[in-house]
Amino acid sequence: MHRIDFRRATFRNAFVFRYGVSTLAAASCAPISSLYRSLPSRPMRRCERFRACACWALKGTSMRFKRLQANLADGDDSIGVIFCSPGKSQLSQRGQEADLCAGNAIAILHSEPASVTYIDGSQFGLAVPREALAQRVADVEGLVMRPILQRTEAFRLFTSYMKSVLRTKALSTPKLRETVVTHIHDLVALAIDDCPALGESSASAVVAARHRAVLDYIATHFQEPGLSVQAVARRQGISSRYLQRLMASSGPSFTERMNELRLQQALKLLTEPDAGRQRISDIALEVGFSDVSYFNRLFRTRFGDSPRGVRLARKGSH
């Protein structure tokens, strides 16, 4: 196991945490690449930064990192939330030690010495300003080094929201970034404060996270013929009425969004080089439509031509 002392590092503003290797020395994005060039492995690294929040996800060999007393001079007082999914790590702070197992998380203070020993698996980290959490949680320091279990609803909602944000790069405008950061701060506070079941909360962060979770589920399962409002609501642990309100908040209804995904997939299949080998009725069934006539009507309305016409046009252009 490799050990690295960061006392000479001049990192600021956020902690670096990685899949496989973690550094609890505060760090800005600029020094990260040079830092990792010195490591014996070539870890995968990713850094996403936006105002008042920073996160990293990397992967590499087993290592141990320490944030020493000398590092505290950088003034970083953010709260680190460390995830382990999957894999295992060991953390130490304030004389306490904790094993972090797959799917769970733990919060640490960057204003105090700490150490993290990565053992295996994949990891992710998020740095949140202390001030942001102090506005939302009564006793921030009392919540550190306390396992955050993946089975809690608030934590599951938070992690699904973060994955969606990073995957879709939903940080394209300053206003959107501001909204996303606020939601993240709210969800982190709910997760580390061991919040009870959230139910059908009207809190903006909960609504946003649930909405993203619903959209992700639809995007993954739209080809299932039996997909319905009731089925998705049951899977998400909410009522059908609440799910419909979530969908209404973004414009397209559940059915409109599901049908759009199905039609786009059908169009892709119809215009592929070997598209002529598959019957149109089979394509309709493959993308989730159980009624071929209904599929044909929707397809013509959406694309201005029938599935057969699109296929023939595709052949005629080649």
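All figures in this text were calculated on a predicted structure; none of them were measured in a lab.
We find that Arg130 and Glu141 are joined by a salt bridge, their nearest charged nitrogen and carboxylate oxygen being less than 4.0 Å apart. Taking 4.0 Å as the cut-off between side-chain N and carboxylate O, Arg297 and Asp291 do not count as a salt-bridged pair.
Looking at every heavy atom in both residues, Ser160 comes nearest to Leu157 through OG-O, 2.9 Å. Nearest heavy atoms, Gln93 versus Leu109: NE2-O, 2.7 Å. Heavy-atom minimum distance, Phe222 versus Arg262: O-NE, 2.6 Å. Taking both residues in full, the closest heavy atoms of Gly226 and Ala231 are given as O-CB, 4.4 Å, listed atom of the first, atom of the second, then distance. For the pair Pro307 and Asn296, the tightest heavy-atom approach, listed with the atom from each and the gap, is CG-OD1, 3.3 Å. Between Val137 and Ala189 the shortest heavy-atom distance is CG2-CB, 3.6 Å.
Checked by atom type, the side-chain pair Gln278/Glu286 shows a donor-acceptor distance below 3.5 Å.
Using modelled atom types, one side-chain atom of Asn71 and one backbone atom of Leu68 make a donor-acceptor pair closer than 3.5 Å. In terms of modelled atom types and a separation under 3.5 Å, the side chain of Ser164 and the main chain of Tyr161 share no donor-acceptor contact. A donor-acceptor contact shorter than 3.5 Å links the side chain of Arg67 to the backbone of His110.
Residue Ser253 holds its OG atom at 7.0 Å from CE of Met247, rounded to the nearest 0.5 Å.
In terms of the side chain to side chain donor-acceptor pair (under 3.5 Å) criterion, residue partners of Asn259 (sequence neighbours excluded) are, by chain and number, Tyr294.
Two residues are said to be in side-chain contact when any heavy atoms from C-beta on lie closer than 4.5 Å; Ile148 and Phe83 fail this criterion.
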